Amino acid sequence: MSFVLAIHGGAGTIRRSTMTPELEAAYHAGLRRALLAGHKVLAGGGSALDAVTEAVVALEDDALFNAGHGAVYTSAGKHELDAGIMDGSDLNAGAVVGILGPRSPIRAARAVLESEHVLLHGRGAEDFCRQAGLEFVPAAYFHTERRWQALQDELERRRQLAADTRDDADKHGTVGAVARDSHGNLAAATSTGGMTAKAPGRVGDPPVFGAGTWADNATCAISATGHGEWFIRHAVAHDIASRMKYLGESLTVASEKVVADLGVIGGSGGLVAVDHAGNVSLPFNSAGMYRGVIGVDGRALSAIYREELVA
Ligand code: ASP
């Protein structure tokens with residue numbers, strides 16, 4: 001039986017005009033590290049759930065992506081991290097909202113999945129993670145100069161009531177993974193710092209099942225990235241699964257249609273998706289989306305803008 005893993009590092013990419021060859025290479029390297037981390041699990045006969053967990057942990061640890069270390073700041077200059085993970089074999093799911101402390105928000109979500117809960121937030125979620133024995137780090141661990149500066153620029157822009165001319169990459173981003181394992185099971189995981197200068201308490205789509213994260217062996221596994229409010233209002237991930245289930249659409253047709261329609265009404269972003277047969281779809285309606293795919297052959301393929309995946 002074959003297996004496949006697809007990942008994203010956010011649909012808010014740096015403008016081509018400001019991207020340097022060094023930075024571009026660093027993004028590809030980060031994506032490939034995450035692909036290889038997930039591939040190691042799948043090649044060893046491991047589960048899709050473990051593979052998406054390990055791939056997302058690798059992206060959280062990478063300062064370039066908006067999750068874990070390197071996450072964006074709220075308007076109050078704090079980190080509030082959201083993450084969600086779902087097992088397509090039994091529709092078990094776990095998510096954390098607005099947490100700060102556990103080094104890996106996706107491992108926190110995974111611990112919730114393994115408990116009797118589905119969704120835990122704030123202080124209660126952090127206490128739960130402590131009791132579950134997860135690794136904690138000081139708040140400074142999540143800091144990067146780039147994200148702090150992006151917050152200062154955005155707060156200044158708001159003071160001046162100036163037009164928003166920021167790069168997408170300075171506004172948001174997210175990391176995520178979907179996989180189909182050699183047993184035919186699907187899983188999805190998504191982790192984010194949210195949107196730069198988001199209101200304290202604001203929750204994005206990654207921990208909202210059916211919006212930014214969804215997995216069901218009967219249809220597909222999806223991890224989304226983009227302007228979360230749109231993904232929540234339009235139940236984007238579940239909409240794709242429903243089109244497959246009730247209209248008999250293929251993964252590609254359903255996912256491309258939903259993402260294109262969302263773009264028309266103003267919901268910028270994209271997603272990675274895999275179905276029970278191992279087909280992969282990576283649609284986005286933004287200028288780019290950090291993304292990658294790896295299959296049985298172990299070739300890590302990645303792309304940033306509207307180009308083909310390259311090894
Ligand atoms: N979807 C994330 C959120 O709304 C942000 C992103 O993916 O860019 O929190």
Side-chain angles (χ1 to χ4, degrees), residues 6-15 27 31 34 56 59-60 62 64-68 70-75 78-86 95-100 105-106 108-109 119 121-122 142 146-147 150-151 154 164 166-178 188-214 222-240 255 258-259 262-263 266-273 282-291 304:
I7 62 167
H8 68 78
T13 52
I14 291 176
R15 251 171 244 164
Y27 274 110
L31 291 167
V56 167
L59 292 164
E60 287 177 337
D62 191 328
L64 289 176
F65 302 103
N66 172 20
V72 301
Y73 283 93
T74 68
S75 60
K78 300 263 185 322
H79 283 113
E80 294 182 4
L81 309 175
D82 301 336
I85 185 165
M86 187 162 180
V96 287
V97 164
I99 62 163
L100 179 61
I106 204 65
L119 188 51
H121 81 93
F142 299 97
R146 169 189 169 197
R147 300 300 190 185
L151 171 65
E154 172 58 7
D164 193 350
R166 290 174 295 163
D167 260 16
D168 279 353
D170 288 332
K171 294 186 214 169
H172 51 77
T174 276
V175 309
V178 293
T190 319
S191 178
T192 192
M195 315 267 290
T196 297
K198 67 183 180 182
R202 179 266 186 188
V203 180
D205 56 316
V208 180
F209 294 105
T213 306
W214 183 255
I222 290 177
S223 171
T225 169
H227 201 139
E229 280 68 9
W230 265 260
F231 284 75
I232 296 173
R233 288 190 200 116
H234 294 268
V236 165
H238 197 268
D239 195 22
I240 293 167
S255 59
V258 169
V259 169
L262 198 68
S268 77
L271 53 89
V272 293
L282 314 167
F284 55 96
N285 61 38
S286 43
M289 178 170 78
Y290 301 107
R291 61 200 184 280
I304 298 177

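Everything numeric in this text was worked out from a predicted model, so none of it was measured. Indexing begins at 1, ligand by ligand and atom by atom, following the structure's order.
Heavy-atom contacts from other residues, nucleotides or ligands closer than 6.0 Å to NE2 of His121 number 12 or fewer.
Listed by atom number, the atoms of ligand 1 under 4.0 Å from Asp205 heavy atoms are 1 (N), 2 (C), 3 (C), 4 (O). Heavy-atom contacts of Thr225 reach the following atoms of ligand 1: 6 (C), 7 (O), 8 (O) (cutoff under 4.0 Å).
At least one N or O atom of Thr174 sits closer than 3.5 Å to an N or O atom of ligand 1.
Between Gly228, Gly173, Ala224, Gly9, it is Gly173 that holds the heavy atom closest to atom 6 (C) of ligand 1. For atom 5 (C) of ligand 1, the choice among Ser286, Pro206, Ala11, Gly226 with the nearest heavy atom turns out to be Gly226.
Using a 4.0 Å cut-off between charged nitrogen and carboxylate oxygen, Glu80 and Arg202 do not count as a salt-bridge pair.
Of all non-hydrogen atoms in Ala189 and Ser223, the two that sit nearest each other are O-OG, 3.3 Å. The shortest non-hydrogen separation linking Asn285 to Gly267 is ND2-O, 3.1 Å.
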Side chain to side chain contact (heavy atoms under 4.5 Å, CB included) between Tyr290 and Leu64, intermediate numbers included | CA-CA 11 Å; Tyr290 301 107; Leu64 289 176; over 6 Å; no

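At least one heavy atom of Arg202 sits less than 4.0 Å from an atom of ligand 1.
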